[in-house]
Structures are given as C-alpha cells and as structure tokens.
2 protein chains.
Amino acid sequence: MKRDSRLSWVLHALLHMSQADRSITSDQLAGWMDTNPVVVRRTMGLLRDEGLLATVKGPGGGWSLACDPEKVTLRRLHEILGDGNLFAIGVKTETPSCLVEAAVNRRLTSAMAEAEALLLARLGEITLADLLADFAGEDGAAFATHRDGPS
Amino acid sequence: MKRDSRLSWVLHALLHMSQADRSITSDQLAGWMDTNPVVVRRTMGLLRDEGLLATVKGPGGGWSLACDPEKVTLRRLHEILGDGNLFAIGVKTETPSCLVEAAVNRRLTSAMAEAEALLLARLGEITLADLLADFAGEDGAAFATHRDGPS
DNA sequence: GTTTCATGTAACGTCAAATATTACGTAACT
DNA sequence: AGTTACGTAATATTTGACGTTACATGAAAC
C-alpha cells in the first residue's frame, strides 16, 4: 500500500507558514513540499474549510495561517484530512459468516483499536506550537534548506 | 491503499486446520478463504519455512499444523509474514534535509512507534490456542459455514 | 512406469488508493 | 485587458496487494 503522507507534509507546510509574515502561494509550497500545486490546494483546502487557513486570490495572494498554533493538535489535522484507514493491515472480511473468522476478527480489531486509540491520543497531545518549539533557535538553518524560503 | 489481510485469513486457515484430523489442500483452503491456491501456497509457505506448518505432496497431501497452538502468538505470525508497514500513514521524506520537516518526522514517527509497540505487545499476548478457545462450544456452527469443511 | 494429485515458484495481470497532471473557470490586483 | 493566484473536475500515473497462468517437481495409485 502507498502510505498517506499528507499529514506529514501539511504539518511541514503549516510550520513554515506560521513563521512567514506574508501569504505563500501553492506553487511555492508545492516546490518546498516536493509535490504539485493542485495537490496543495486540494489538501490544504480541507483545512481552509475548517477555518484553519485563509486564502487570497490574485497577485500577492496565497495561503496564510488563520488559527492559533497553540490550539491546533495533530489529531485535529489528521481528522480533517480524513485518512480512512490508519493501518496498512486489516481483516479480510468485515462481516464474516464463519464463526472462526469472526473470532479472529474480534481479536485483531480489538488490538488494532487499542493501538489506534493510543496513536490518536498522542496526536491529540501535540500542537503546532509544540512543533514550532522543537526547532526554536535553529530557524535560520531550517529556512536555509528551502531555496527562496520566507525571508 | 489496499490493506494487507494476510494475517487475518492465515489465522482463519490455521484455526480450521488445527481442528482437522487430516491435511488440507491449497485448493480447499483457497475456497474457504476466498482467495487463490497460489496465494495460499505463497503465504503459508512462509510459515512452513519457519517450521509452523508441514506440507506433503501428492494424493492425500496438503497442509497440516506442525506446531503447538499454545506457543504461537499472533505477533510471531505477523513477523513471519513480514508486513512491512503497519500504518497506512507515514512521513513524506524519510531523511529530510529541512530541519522543520525533520522535527515533524520525529514527532510523528515517535507517536507511531508507541502505537506500533502497543499493537505488537497485544499481538504477542494472543496465541492460536486463545483463538481456538474463543469459539469453543460452537464448533459445529463454525464448520457449517464452509461447505465441504473438515468432517 | 505412467497417470494423477498436489505443492513450488516464476512471470505476468488486475485492482484500488494515493498522488500527479491537465485543463479550464473565477476572483483580485495593476 | 492582462497577469496572478486559487478552485475544481477530469484524467493519468504510480505503487503495492492480490490474482492468475504456466510449468516444474515429487509422491502415491494403478
């Protein structure tokens, strides 16, 4: 399975945006995130629809943060992105007629549910502000890694 | 992405096999698991290579359990199957040059590692025998769900 | 010993989900 | 008007899981 990496690069984008003093275009972000501008608009549009980002059309327009980094958890972002399956493994039949298979499914889904709950809880404990703090003090180096990065 | 369901149906197969008094062919298993005989051989071959199953060629041959259900955990099976990625989400870049992205990756992979550890721990607590016990008493009903099941 | 049953395995085909791309529409600034 | 930028539908590409075909090998039955 191809892993869904949207949460990963959206976070990356949000952090850079939170430090920029002006809005950033989809093209710029696509360059930094090594993806396509349309993908950026499509994905970040989900966050805009939730009021976390603001977009402005036309020259000088682009994307900017419209939320308090202290108040946005990774869990919230994960849920907005709507990643369906958190796991790459799963049961073969959702509602099996065989009782043996049903017993297997109960055990597997129960274990996976526990792990999922833990992961969501951890993601719920981490805010954008926490991530910003993670590299506080090395901002210069951080931005030097993207050509044409925010001044 | 398509979720890897091998652990799920291999368990299903092992449970049925553990109750059969004779070996079972790949064709039979493929019928019950709703898959292809070659897939059965490919997948269960991994377990045979680890000594958990025995195969016999020729008429009357097939697959049979060669291990103690008390001693085989779901974790062991998961590891033998070698499912690479447990999660359907992941970081975009494994070794990023951007420090911001690296900070994101650290947080994400750390949270995922915790969840993975929990899931593996849970799978390590469950044996084939536990699964067999789950439906003890309803054996007849269990087997009735597969036509031509073990007598 | 050859026919039949069954596994072993390489090679290739199919399918679904994530991502990428193309194309065109709309709004805003100059 | 022309340029910049987002909005979005439609389509293509990619990747990994799974399925299928084909053929080889070994064991039993006759």
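Order of the sequence lines sets the chain letters (A, B, ...), proteins ahead of strands, with each chain counted from 1.
- Side-chain proximity of B:R41 to the nucleotides C:dT19, D:dG19, C:dT9 is greatest for C:dT9.
- B:L81 has its CG atom 13 Å from the C1' atom of D:dA17, to the nearest Å.
- A salt bridge links A:R107 with B:D134: the closest approach of a Lys/Arg side-chain nitrogen to an acidic carboxylate oxygen falls below 4.0 angstrom.
- For the OP1/OP2 pair of C:dA6 and a distance below 4.0 Å, the side-chain nitrogens and oxygens of B:S26 include no atom meeting the criterion.
- The stretch residues 48-66 of chain B touches DNA chain D through B:K57, B:G58, B:P59, each having a heavy atom within less than 4.0 Å of the strand.
- Between the side chain of B:R3 and the base of C:dA16, no donor-acceptor pair of N or O atoms lies under 3.5 Å.
- Listed by chain and residue number, B:S64, B:A66 satisfy the side-chain contact (heavy atoms from CB on, under 4.5 Å) test with B:A54 (two or more places apart in sequence, or in another chain).
- Between the side chain of A:K2 and the base of D:dT14 there is at least one donor-acceptor pair of N/O atoms closer than 3.5 Å.
- Rounding to whole angstrom units, CE of residue B:M33 and C1' of D:dA17 are separated by 19 Å.
- Note: CD1 (A:I24) to P (D:dT4) measures 19 Å, nearest angstrom.
- A donor-acceptor pair shorter than 3.5 Å cannot be found between the side chains of A:W63 and A:T25.
- Counting any heavy atom pair closer than 4.0 Å across all strands shown, A:R42 reaches a base atom.
- Atom CG of B:D4 is separated from atom C1' of D:dG19 by 14 Å (rounded to the nearest Å).
- Regarding B:N36, its CG atom lies at a distance of 14 Å from the P atom of C:dC15, rounded to whole Å.
- Side-chain N/O atoms of A:E125 and A:T73 include no donor and acceptor closer than 3.5 Å.
- With sequence neighbours excluded, the residues satisfying side-chain contact (heavy atoms from CB on, under 4.5 Å) with A:L46 are A:R6, A:I80, A:L81.
- Side-chain heavy atoms closer than 4.5 Å link hydrophobic residues (I, L, V, M, F, W, Y) into clusters, and following such links, even through other members, never connects A:I89 to B:L118.
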